[in-house]
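Just below is one structure, and these are the notes that go with it.
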Amino acid sequence: MARCLIAAFVLLLAGCAVRAPERPDASLELPQVGAFSTARPGAALPTGWRAWQVAGFKRPTEYRLVDHGGRAVVSAYAQGSASGLVYPVNVDLREYPFLHWRWMVPALIPSADNTRRQTEDSPVRVIVAFDGDKSRLSFEDRILFDQFRMITRQELPFATLVYIWENRLPKGTVIASAHTARIQMIVVESGGANLGRWPEYVRNVGEDYRRAFGEEPGPVRSVGIMTDADNTGEEASGYYGDIRFLRRRPRGSTPYVGGP
């Protein structure tokens with residue numbers, strides 16, 4: 001099984017045993033995903049974020065809080081490595097359907113191609129894991145989930161949606177995992193036009209889920225970030241700004257290039 005997909009699965013599982021924050025209030029912004037911008041560069045990650053390493057024999061991606069333009073962001077550097085950060089949440093998409101974030105990529109991974117297992121790497125990923133009724137899983141997926149539970153003593157998320165920066169595929173492309181239909185990737189940025197800039201994204205996660213999985217989404221249980229280059233063996237770096245859930249789309253919030 002492709003190592004990056006296992007990484008995405010377990011990255012999100014890492015948050016499942018952590019107590020989720022209390023139910024949000026009625027404000028526009030859902031303050032559940034720990035803000036990087038309120039932290040001090042060089043300090044530990046904000047409360048609630050946890051690092052996860054893919055395997056003991058694999059180099060982890062390096063994540064640090066750094067100053068970028070006067071604001072704290074997360075810097076990620078991978079050299080033939082893969083690991084991530086995860087934050088547990090409890091989000092009902094009927095109340096907070098929109099996910100907002102910014103990221104920055106200095107350079108693409110030249111040989112990366114997320115349609116092929118051998119080259120399935122990305123300089124930046126935002127990963128969302130969902131609850132659901134596992135009795136509805138296919139026979140093949142039930143076997144996969146059971147095998148994973150026996151090996152790791154952890155449960156796989158019912159479904160995983162991964163937002164990625166791809167080299168060539170058009171924005172909006174949905175890429176299904178070659179191993180399970182319970183992981184779907186959506187290309188939200190492609191090619192080099194925005195390299196070195198901070199594109200901003202506001203995605204309707206419920207709509208993306210329905211398009212990718214053909215069903216209604218359950219509650220969101222965790223959000224993660226991951227920069228990986230383990231399959232290509234190359235180098236990758238990326239920067240992540242704050243990630244938040246919103247009740248409604250902000251005015252004029254179509255993707256644009258701006259500061260972090």
Would you say the side chains of Arg210 and Asn204 form a donor-acceptor pair under 3.5 Å?
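No, no side-chain donor-acceptor pair sits under 3.5 Å.
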
Answer yes or no: is there an ion pair linking [X] with [Y], defined by an N-O contact shorter than 4.0 Å?
| X | Y | value |
| --- | --- | --- |
| Arg64 | Glu62 | yes |
| Arg182 | Glu215 | yes |
| Glu189 | Arg125 | no |

Between Tyr63, Tyr77, Tyr240, which is the residue that forms a side chain to side chain donor-acceptor pair (under 3.5 Å) with Thr227?
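Exactly one candidate clears the test, Tyr240.
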
Within one Ile-Leu-Val-Met-Phe-Trp-Tyr cluster: [X] and [Y], side-chain cutoff 4.5 Å:
| X | Y | result |
| --- | --- | --- |
| Ile225 | Val128 | yes |
| Val162 | Val174 | yes |
| Leu137 | Ile143 | no |

Shortest non-hydrogen contact from [X] to [Y]?
| X | Y | value |
| --- | --- | --- |
| Met104 | Arg197 | CG-O, 2.8 Å |
| Trp49 | Val33 | CZ2-CG1, 3.5 Å |
| Arg203 | Val188 | NH1-CG1, 3.9 Å |

Listed by chain and number, what are the side chain to side chain contact (heavy atoms under 4.5 Å, CB included) partners of Asn167, not counting sequence neighbours?
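For Asn167 the side chain to side chain contact (heavy atoms under 4.5 Å, CB included) partners, ignoring immediate neighbours, are Leu108, Ala112.
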
Using the ring centroid of each side chain, check whether His100 and Tyr201 are separated by less than 6.0 Å.
no

